[in-house]
Structure formats: C-alpha cells, structure tokens
Protein chains: 4
Amino acid sequence: MSAKRTYTFAFDCPDRVGIITRTAGLFASHGGWVEEASQFSDEESNRFFSRMVVRAETLPFDIEVLKRKVEPLAQEMSMNWRLVDSDQLKRVVLMCSKGSHCMTDLLDRWKTGDLVCDIACVISNHEDLRSLVEWYGIPFEYVPVDKDNKAAGFAKTEQLIDEYRADCIVLARYMQILPQNLCEKYRHKVINIHHSFLPSFIGAKPYHQASRRGVKLIGATCHYVTEDLDEGPIIEQDVARVSHEQSVDDLVRLGKDVEKTVLARGLRNHLEDRVLVYGNKTIVF
Amino acid sequence: MSAKRTYTFAFDCPDRVGIITRTAGLFASHGGWVEEASQFSDEESNRFFSRMVVRAETLPFDIEVLKRKVEPLAQEMSMNWRLVDSDQLKRVVLMCSKGSHCMTDLLDRWKTGDLVCDIACVISNHEDLRSLVEWYGIPFEYVPVDKDNKAAGFAKTEQLIDEYRADCIVLARYMQILPQNLCEKYRHKVINIHHSFLPSFIGAKPYHQASRRGVKLIGATCHYVTEDLDEGPIIEQDVARVSHEQSVDDLVRLGKDVEKTVLARGLRNHLEDRVLVYGNKTIVF
Amino acid sequence: MSAKRTYTFAFDCPDRVGIITRTAGLFASHGGWVEEASQFSDEESNRFFSRMVVRAETLPFDIEVLKRKVEPLAQEMSMNWRLVDSDQLKRVVLMCSKGSHCMTDLLDRWKTGDLVCDIACVISNHEDLRSLVEWYGIPFEYVPVDKDNKAAGFAKTEQLIDEYRADCIVLARYMQILPQNLCEKYRHKVINIHHSFLPSFIGAKPYHQASRRGVKLIGATCHYVTEDLDEGPIIEQDVARVSHEQSVDDLVRLGKDVEKTVLARGLRNHLEDRVLVYGNKTIVF
Amino acid sequence: MSAKRTYTFAFDCPDRVGIITRTAGLFASHGGWVEEASQFSDEESNRFFSRMVVRAETLPFDIEVLKRKVEPLAQEMSMNWRLVDSDQLKRVVLMCSKGSHCMTDLLDRWKTGDLVCDIACVISNHEDLRSLVEWYGIPFEYVPVDKDNKAAGFAKTEQLIDEYRADCIVLARYMQILPQNLCEKYRHKVINIHHSFLPSFIGAKPYHQASRRGVKLIGATCHYVTEDLDEGPIIEQDVARVSHEQSVDDLVRLGKDVEKTVLARGLRNHLEDRVLVYGNKTIVF
C-alpha cells in the first residue's frame, strides 16, 4: 500500500458494456494513474461493482473538481458511488464494555499506523477501560446504559456520536443492542463483532451454545449492524479449531483471538473503502 | 500408527480417583504394552472418558479372555465400554447417490490402506457410480428410492445392510433421509457428511442458503445420524474461504473438497474407535 | 463461472497511465462484454498485469480477428500477452509414478467437469495405475526410467509429449527429475506438486526432513518446474497441522490431502489462464 | 481449565510396561485426583512422555512431600521429571525492541488472566515501550545493546535476569541475538518468536526473503532459543495466506497477527508445563 495521497472511487451500477472503459477512461483522460482497480460482475443481479484507487498527484485538480467530472457519468450509468480522499481520515467512534481484548488490539494497530483513521472517542457503559483508552490520548466517554434507563443512555450516546462527527461506529464487544433509529441513521457505518460464526448461534452467549452443540470449530463474524440482530451484511469471518477438551471458558478465551483479528480485518477493509454493500451481502475488494 | 495387532479399549464412566491406575494396571499386570492412551475428565458431567491401545502380542491370552478380565472392573466402575481387535476389520456399507467426489476419495483411501476396513458393499439409489465401484471389486447394490415408494426402498436397504452384516454405514452424499427405525437400529453407527458448517444451514440446499446469507467461509460437517435431521453428534468439521466472487456453483465445487476431507477424517476416527459419544457430543481422541 | 464461450486476454507490460482504458476500450468498442477483469500494478518493478474475460458471443468476429486487433496495442504497450478461447481445451499430459492419490483426485475432477481440459494421456514409469487410468478412457503410456537408462526413457517421454501435442504437463507425484531441455522446451507449462512447504525441505524425503525438524505444520507446493530443482515459480501452497503424535508415515498420509488439493487448485488456475509468471514469482488472478 | 490449585507432573523416561499404572497409582494411592493426563510413546526412540495434573486439595500432604514420594519411582524409571505447583507462578522476563504488537498482546492477556504468570520485568534496548509497560505496573529496564558494546549490554542483561529471578525469558520481537552462554544457562527457558515458517527464511529480514521467493503463505514460529540461530526446538507455528498483491510492508503487517498469536500460544503451553523437549523436538500436551 502506498502512503501517497490517493482518491478512491467505489461504485456499483447496472451491468453493461463499457463501464470499465468509461470510468478508467475518465481518470486516464486527465492523466490519473490508477494504482489499484477491482471489478466484479454479479450475474444473478446483473450488477457491476468496482473500486479504483487513483494517485492524487497525477491529477491536475483537486477532489472537488474530480467529483464534478464524475457526476455526469455516474448519473448516466445510474451509479451508487463515493469518491474519498486518503487525506481525509475517517472519524471512528469505538464503543466497548468491560472486555479489553478488541480494544487493546485496535488501539495498538491505530497507534502503529496499521489502521489509518482518527479515533474520535471511546464510548463505554463501564469505566473499566478508561485508563487504557486515555493512555492512548483518546477521550473516554462513560455512558451508563441501565436496564431501566436505556432510552436516556442511548440518547446521550447518539448525541456524543453526533458531536464527535463520527463517520464510523465500531462495537468492539459492546454488549448492548443499539436502538433501531441509530442503526438506520448510521446505515452501513456501524460495525459489530459477533462472537460466533454467523448464522450459527445468533444472540446471547454464543460460546455456551457452541459448547452445547459440540462444534469442532468456533468463529467470529464482523458485520454491519442493521435493525435485525446479527443479521446484517457480513464483512469478514474466521474460525478456530476446538475439541472436547475445551470448556466454555476455554472457548471464550480462544474466541477472543478470532474476534479481535476478524474485527480488525473488517474495520480495515471498511476504512479503505473496500466494502460495497448490496442487498444483505458485501463485496470486499 | 503401528500395523501390529492391537486391542483398543474405549470406555466412559463416572469420574473418581484411581480409574487410570485400575484400567492401566489391569493391562500391565498381564504384561500388556499400552502404546496409546488418552483420557478426558468432563468437569460439567463429572464423567471420565478414555481410550487405550494395547499390543496384542504382549498379552498371554486372546481378546475373549481379556474381555472376561475387564468385565468385573467395568461393572464396578459402571463403564460403557468396548474392546475391539484390530484384526477384526469393521464392515462398512457405503451409500451414495450420483455425486462421485466422496466415493472416489474414500475408495482410493481404502485401496491404498489409509482407511482400514472392509467395504462390504455400496448401496445407491442411482446407477451412475456402479462401474466405478465395481472397478474396485466392491458389490454395487442399486436400490431405487422413489417418492411414491420410499418404504419399499428402505425396507430393501435395511435388508441389504443386515445381509452384508454392516458395522458402520456411511452416507457419502446419499441424498435421502434415512427412516427413523434404521437410525435407531444403527445408533452411532451411521455417519453422514452434511454440506454446511452445522448448525448453520440445516436441511436442503445449504450452499444456496450460504450464498444468500453472504458468508465468507463455507463448511462441511461429519456427524452421526440421529432421528433429528442434521442434529446428531458432530465428529468433525472444517471450512474453506469464499468471497463475493463465488457463485452457488463455485460454492458447490469448493465445498466438495471440504466434504470429502471431513468425511474421510471423521470415518477414520470412527474406524479406529477414537470417537466416544456422550449426550449429543463427541469426544474424539 | 459461466459455461458460455469466452476469450481470455492475459498480459503484462510496463506500467503507465491508460492501460485499462485502452485494453477495456478495445473490447468495448466492438461491443465486447467483459465478465471478469483483474489488474495488478507491481510498484517494485513498475509493471502492470491484467486478465480480462470477454464473452465471445458479444463480439462480431472470431478470435483470430480479435488477435489481429489486439496486436497493434500489444506492440505499442510492449505487452507479453496471450488470448485464449475457452472452446480450445488445453491438452494435458499427466505424469505419475505408483502413488494414486493425486491421480484419482484429478481424474474425478476432470470427469465431473471441475477441471476443464483434455487429458491427452498419462505417462508413467510404473504400470500400477494403468487400469485406473484406462477405466477413465485415457491412454496410458508406460515409459520406464531406469537408473542406467534415463536418457532413453526421457527421449521416449519427450517424443510422447510431442506426439500428444501437450499444452501442459502435470507431474502428479512423478518421482523423477525431468531433464533440463524438457523444462526449457515447456517453460511455465510443466506443473509439479512438491510435498513440502517450499522453500523448506527441498529435495528428497521432505516428510522425513519435516519430522526430524519437528515442525508443527506440514505443507505442499504447486509450482512451475524450472531447471533448478524445487525452485520454480510457486502457484499455490497450503499446510496441515501436525503434532508430536504423527510418525513419518502419518505425515505422508496427512500430506496426501494437502498435495492433491494444492495441485488441483494450481492446475485449475493454470487452465483458466489465471497465472502470470514474472521473474520467479506468479500473479494468480 | 480449573482455577483450583494443582500439581503438574511432567516426565519422560525409557518406555516399558506399567509406567502409567505406577505413576497414576502413586497419586491414586494417596487419594490424588488426576484431572488431566496425557501420554505419548515415541516408537522411534522407545521413549515415554507424560503430563499429569493432580488436584492439590485431594492429597493429604504438600508438594515437597509429594516430591519425596515421587523420587524413588523417578529414579527406578530413569525419569527426567518436574513437579510444579500452580500457586508458584513462573517469573517471566519479557525482552522487546521497538515493535509493540507482541508486547501489547501479551500484556493484555496477562492482565486479563489468560496468561497465568508473574511478569518480573521488561528489558529493552530501546525506550519506546517504557510508558506502555509501566502503565501495566511492570518495571521497565532499558539496556542499550550497541554494536560496539554488546558484551557490556548482555552482561547487564544477564545480571538483571538473575536479579529478577527469571524462570522464563520471552523474546517478544527482541531484535538481538542472545549470547551463547545465556542460551545455555537458560536452556529450554528462553522462548523466541521468529517471523517466518521455520526452517524457511532463517536469519534476517524473513519477510523480504518470503516476498522474493513468492510464497503464498507466510508464517511465524515460536521456539526455544539454542546456540544455533533459529534452529531450536519448535513449540508452535502458524501461517497466513498472502498473494502477489501484498508488498513487503503488507507481509510485515499481516505477519504481526501470526507472530503475536503464535507467541502467546507457545508461551501459554510453556507456562502450563505442557511442553517437553526431547532432542531438538517438542512434545506439546
């Protein structure tokens, strides 16, 4: 991956002859150097998906001008599209509960430059991780979400997310279910890590469910949050081998490694605009 | 694995102090050389599981005498137990439909000595694989199972299984659901390969289900067949990575590799008496 | 994967602005529907690699005409290129020794349509697999390669390969080292499966080497054969987990599964013209 | 895993009839409840390996008495043996350089109780990780190891290791080669993580080597350090899939996940006395 400034153009549209030529041609006609290009034609839906990364320095104008040049083509082709500037880091709000494994992992990746984003703040319904988060110089917002007071908690949460101008919300083992309006407001921008290989073991205590069923692999799933619990578009999954020797506590421990790795991979793909959602599925370039 | 004659003693019983000492001691007191030993204590159920492999040549008597010597201990300890002779090959009946990938794979493993058993016959509801099976010198029994005539088909199937004196029945992508009485009669002796990572995608067309859900891994599950479809004790599972690029046809093709490998591993473990069933779970030593 | 007729255009050339536009544009200008397109820019070598699959039916002329239209562009861009017709199946010569696991696997994939090619013949220095091969209706050529008579054996081998007009030679656990002139004559067309995770354990008896070193994973490598033993460009690799419990015989047995799967994947990629060689490395689209 | 106090007895000795009976019997005769037991007979060397975990509370005496009771048997059987008390946490000295991924990971596992040990101190030849380490309340010792001054640096290092009474030294991406005398003094107690799938890519810059060779998987190896660089007994290994798309920088980034996971698994096994070394290989129970 180049650390140079790039513009990433991601889109989908009805499939037809000449899409690549026209879009690549638009960049080329202004001298734009495409350093990465991916395409996918979905035969079932007859839809075309693409992601192109152009070196900013090779274009004679800025991204706003480029957007205006893309617009007519996008309209003609009926594209859903976005054009993003690598210098405009996405603002990420992390949400967590008491467990530290995903947070420690994400924060180290962020600090060492493997996850390129701004972490605007961390919101948690517990104080446990405050000190860790603040060590990284990130604001920590404690927002209790009590059984009897969920509405107030989530109102406060929403207000903070707005104030911190979040582009992306990551539920890093946040143990609460987000209210529907928040899911809709940040559609395809809320990323969750579920501690099972979905669609197996939806809902609470998936490792207990896995142990009862006697599976020989456990997994984790990174997905966009939608109004249907654990049913949103899957970004990334992975598994780890287990046997009869592992108790539920062992599954929880072994699962942590899968959870943190899968979440980091999924988030990275999201941050690099590699993920296109169509229906309830993702294309990950 | 030694090719020498061995006796395998597999059992489970309520956990208590001294089980290993007593069982290992029984063999040792007659000079029996234990070449493999595995134990597992399940804290939840307070149950003990073990498998020991003894070299036959080191004992001064045959397996029938050994059984009589084991019996009092087994009774005292309330064991479920079996003692099997490596020279008594298990008689396996393979059942298949049209697909050849599992059959080709199993037959080659059998012919080259990687799966140590007698294949008594192959039963199929289609003629497609007759020639392949007969090339291996194995009887091929064609038993159509029509929608309108299932009872007759399965009566014939059961008769054949009995006549061929099956110790084990393998559903190598046999596309029919066995009747309940057969499942019960051959409890923990009927092995199926299901083409999904159970408990995801139970029932028909799991690759279609997987494609619709947009999972990033597909899997296969080898399990004992019980009266509840795809709910029996899991012996082995594995997965393969997929992406948006794979159509349902691709999933079917990629899944074949997982299916045949997982079935072969599960069957091998069964044949070597490495699998102990407890409740709806397996211990695989 | 579509079963419709397609033309696959694979090339590499010095990187510059506009390559995608020009090549995709060439197809689009004649109405050609690109159903798959992959690109890669190697920053280190400043070289561009691509593979495009066009639906034949959408072009108003045949592949010979298309080739003539591609030529000027290819020359201008200094491309290494090939344009292949999915209806022109590649002619594959399989070479084997005594071991059947790779052969059984490849032949079943071929018979069931998962490997799309013509298998021209099988050449072996042992008679063991004749009957299996002939069951599939494929000519079996026995060419002994004795210690004292290698030159004659390989002269006969080369003659057969020429007579059968091989496009591709697959060493499916053929235990002999091909002579240098044959490697050069069929450069990047001879595919071998080596039974280790290269570059570990080059040469003879890799499972013995692996056992001595005490590795916790064993592997297999599918690569193009060059004049340097086990040093050619790697197409595909995979591994399997092992432990202290596995003897060398167990490693050999477990390794077979990795070998046959890796060989089949590598060969499939080659047959679909997904593999581009550059220096001693491959791009696999 | 039980959190109750346990004694772990690990040993190897020449194989013979009755070892299990005698050792298990010794515990049973005093009422000792064996909650885990593993055995392995190595046919090649005719050596027997075992690890047994006994619940301390079920024995009527302490570990010192138990040791005295084990001694005569151990002598008779010519055992290499150890008997360790779960309440006596191993004292671990971590050594690192600038990279934080392994350290962050280990420290979080330690803090959350997944790695059960005392971390005596961290020794580093750079100051970069001081603040992180001290946040966890662990002493940080800066010991520069300059090209011109290695002897002094390692003398200081050795002195610290002694002062902190280390039972185990972990090179968590410490980029220096330990002097031979230190390796010998702490034989099978110094654990390193090497950033390749050994024996591939021994020595410096393994990801560069991997990229040049064009491998399709990269790996990491956790091993005991011996006087031969990267040649010590392997405890654990794993791999991650890569393709032509990954630059060396990408390999470095992807490799970090493998490194930290493999190191944590290997260290955990060491801390639980699951690893027995024999020759240049390990048995990992």
Please examine the side chains of C:Asp114 and B:Lys256, heavy atoms only from C-beta on, and report whether any two atoms are closer than 4.5 Å. yes
Determine whether C:His101 and B:Asp108 make a side-chain contact, defined as any pair of heavy atoms from C-beta on separated by less than 4.5 Å. yes
For C:Thr261, which atoms come within 4.5 Å of any heavy atom of chain B: side chain, backbone, both, or neither? side chain
Below 4.0 angstrom, N of the basic side chain to O of the carboxylate: do B:Arg265 and C:Asp257 qualify? no
Answer with side chain, backbone, both or neither: which region of C:Ser100 has an atom nearer than 4.5 Å to a non-hydrogen atom of chain B? both
Shortest non-hydrogen contact from B:Thr104 toward C:Tyr136: CG2-OH, 4.1 Å
Does NZ in C:Lys111 sit with more than 12 non-hydrogen atoms of other residues, nucleotides or ligands closer than 6.0 Å? no
Could you tell me which portion of C:Leu132 (side chain, backbone, both or neither) has an atom closer than 4.5 angstrom to a non-hydrogen atom of chain B? both
